Amino acid sequence: MAVIIEPFRIKSVEPLFVKTPEERKQILKEAHYNPFLIPARDVLIDLLTDSGTSAMSAAQWAGVMSGDESYAGSESFFHFEAAVKEIVGMPFIIPTHQGRAAEKILFSIIGGKGKYILSNTLFDTTRANIEYTGAEGVDLLCNEGMDPALIAPFKGNMDIKKLEDFIAKTGAQNIPLCIVTVTNNSGGGQPVSMDNIKKVKDVCHRHGILFYLDACRFAENCYFIQKREPGYANKSVLKIAQEMFSYADGCTMSAKKDAFANIGGFLAMHNPELAQQCRNLLVITEGFPTYGGLAGRDLEAIAIGLKEVVDENYLQYRIRSIEYLAEKLTAAGVPVMQPAGGHAVYLDAKAMLPHIPVNQYPGQALVAELYLQGGVRGVEIGSLMFGKYDANMNLIPAMMELVRLAIPRRVYTQSHIDYVAEVIIEVYNKRDKIKGLEITYESLALRHFTAHLKPFEE
Ligand SMILES: *Cc1c(COP(=O)(O)O)cnc(C)c1O
């Protein structure tokens with residue numbers, strides 16, 4: 001059978017609300033051309049993020065009902081701890097309310113002025129938490145990962161030569177930690193190979209640098225390893241994940257991604273002293289170490305989600321459904337990051353809108369147009385998200401100008417995805433008429449969440 005069906009059926013539904021094009025025009029204007037400021041009710045197909053937007057399973061909802069809400073030592077914590085340990089094989093498991101809370105705790109201890117944290121590509125909150133401590137985040141992605149049109153199996157890999165050179169130049173004593181993002185969210189959801197993980201680990205350990213994983217999409221990454229990396233075709237995704245984590249000194253995770261939970265995250269590690277320091281901070285900012293900012297029911301949902309996500313029928317459907325959208329767009333000539341990522345399709349706005357200069361944010365202009373055309377909400381991953389200013393306030397643009405269409409897990413059906421493809425192709429066919437945007441308000445950190453923009457005027 002060529003058709004891969006959704007490996008679930010629907011027992012509970014939510015309505016969608018359709019707006020007219022005129023209404024959407026007004027809504028977009030009121031939202032200052034920033035999709036984060038559009039009320040969700042006014043969005044038809046919401047591809048803003050795959051974070052916290054998963055449909056939970058019947059088993060997870062049952063877990064929610066049986067969550068143990070004891071303050072200390074709840075049953076649900078032990079279920080959570082066991083489920084995480086089975087995958088990561090690390091002795092210290094610290095629950096947090098989100099991935100960024102785990103980052104905040106880790107980098108408050110590890111970071112600081114004069115230090116460098118290395119990565120393939122840091123996610124935006126990860127970078128922000130690093131920079132907030134005065135440390136600097138450094139992306140050392142392989143060159144393949146920077147070419148959106150290039151087809152290669154592991155475009156999320158870290159560049160080993162760049163890593164060695166950076167350590168030689170900067171001095172290992174100034175580099176406390178290297179964190180590899182699997183899959184590489186900000187770099188197109190591209191996977192990292194096991195071979196690359198091993199090599200990065202070897203380099204780090206040779207220099208006494210801690211090696212961590214940003215594990216938000218570990219299962220999607222491991223499925224790609226199974227399908228693409230020699231020697232893994234006959235290993236289960238769980239076994240592959242266990243091997244991957246065996247190379248790491250620790251990890252941060254947002255349970256809002258591959259754990260199918262609506263909230264939650266964790267830190268896990270081998271080092272007992274560091275774990276103790278993290279727990280000390282956890283108690284101040286998140287909560288007691290057996291709940292860390294989560295209700296018992298959330299811990300229960302995560303524990304069950306972590307078991308469901310390594311199901312290979314699910315992963316086959318998941319990866320195929322993203323690929324399906326990318327194939328439709330590619331066939332119509334739309335420039336799409338190749339190959340399709342694990343959780344999202346990334347439109348190459350720079351290639352699609354060459355007439356809009358980077359300081360008029362072509363990615364954001366495309367995001368606005370997708371909403372106007374069909375009520376589809378995506379997010380810019382380009383110079384609005386990652387751009388900086390030089391001393392003269394000229395924009396230092398991001399590496400790429402992408403629009404991410406993240407697909408929530410188990411939420412939309414194939415006909416929803418067919419509709420999204422139609423909307424994008426209609427926008428593509430009138431791309432010459434799309435105009436740039438300019439910023440009218442921005443905050444100091446993570447400006448893309450709250451920025452106001454308007455159509456660019458000469
Ligand atoms: C979502 C995400 C985070 C942060 O997790 P939150 O739960 O949103 O705080 C960190 N890293 C990556 C790669 C992510 O995708």
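A quick note: this is a predicted structure, and the numbers were derived from the prediction, not measured. Every heavy atom of this structure was used, including side-chain atoms; hydrogens, water molecules and symmetry mates were not. When a ligand or atom number is given, it counts from 1 through the structure's own listing order.
- Ion pair K350/E401 not flagged as a salt bridge, since none of the NZ, NE, NH1 or NH2 atoms sits closer than 4.0 Å to an Asp/Glu carboxylate oxygen.
- With respect to the salt-bridge test (charged N to carboxylate O, under 4.0 angstrom), the residues R100 and E103 do not qualify.
- Proximity to N185 (heavy-atom distance under 4.0 Å) selects the following atoms of ligand 1: 13 (C), 14 (C), 15 (O).
- Taking distance alone, with nitrogen or oxygen atoms compared against 3.5 Å, Q98 approaches ligand 1 more closely than that limit.
- Both the sub-6.0 Å distance and the 45° axial angle are satisfied by R410 relative to the ring of F260.
- Distances below 4.0 Å separate heavy atoms of S254 from the following atoms of ligand 1: 5 (O), 6 (P), 7 (O).
- Counting protein heavy atoms only, atom 10 (C) of ligand 1 is closest to E103 OE2, 3.0 Å.
- Judged purely by atom type and a 3.5 angstrom limit, E69 uses its side chain to pair as donor or acceptor with the backbone of R297.
- The protein heavy atom nearest to atom 4 (C) of ligand 1 is T125 OG1, 3.5 Å.
- The atoms of ligand 1 that sit less than 4.0 Å from any heavy atom of K257 are 1 (C), 2 (C), 3 (C), 5 (O), 14 (C), 15 (O).
- Listed by number with element, the atoms of ligand 1 under 4.0 Å from a non-hydrogen atom of T181 are 13 (C).
- Checking only distances, D214 does come within under 3.5 Å of ligand 1, N or O to N or O.
- With ligand atoms numbered from 1 in the order given, ligand 1 contributes 4 (C), 5 (O), 6 (P), 8 (O), 9 (O) to contacts under 4.0 Å with heavy atoms of R100.
- Between the side chain of N120 and the backbone N or O of V180, no donor-acceptor pair lies under 3.5 Å.
- Ion pairing between K227 and E323 fails under the 4.0 Å rule for side-chain N and carboxylate O.
- In terms of polar-atom proximity, defined here as any N/O pair under 3.5 Å, R217 does make such a contact with ligand 1.
- Tested against L47 for a side-chain contact (heavy atoms from CB on, under 4.5 Å), the candidates V379, V411, L405 yield a single pass: L405.
- Between G99 and ligand 1, at least one pair of N/O atoms sits closer than 3.5 Å.
- Under a cutoff of 6.0 Å and an axis angle of 45°, K199 and F154 do not form a cation-pi pair.
- In this structure, R409 pairs ionically with D258, as a charged nitrogen and a carboxylate oxygen lie closer than 4.0 Å.
- Proximity of G265 to ligand 1 is not established, as no heavy-atom distance is less than 4.0 Å.
- Taking every heavy atom of K256 and a limit of under 4.0 angstrom, the matching atoms of ligand 1 come to 7 (O).
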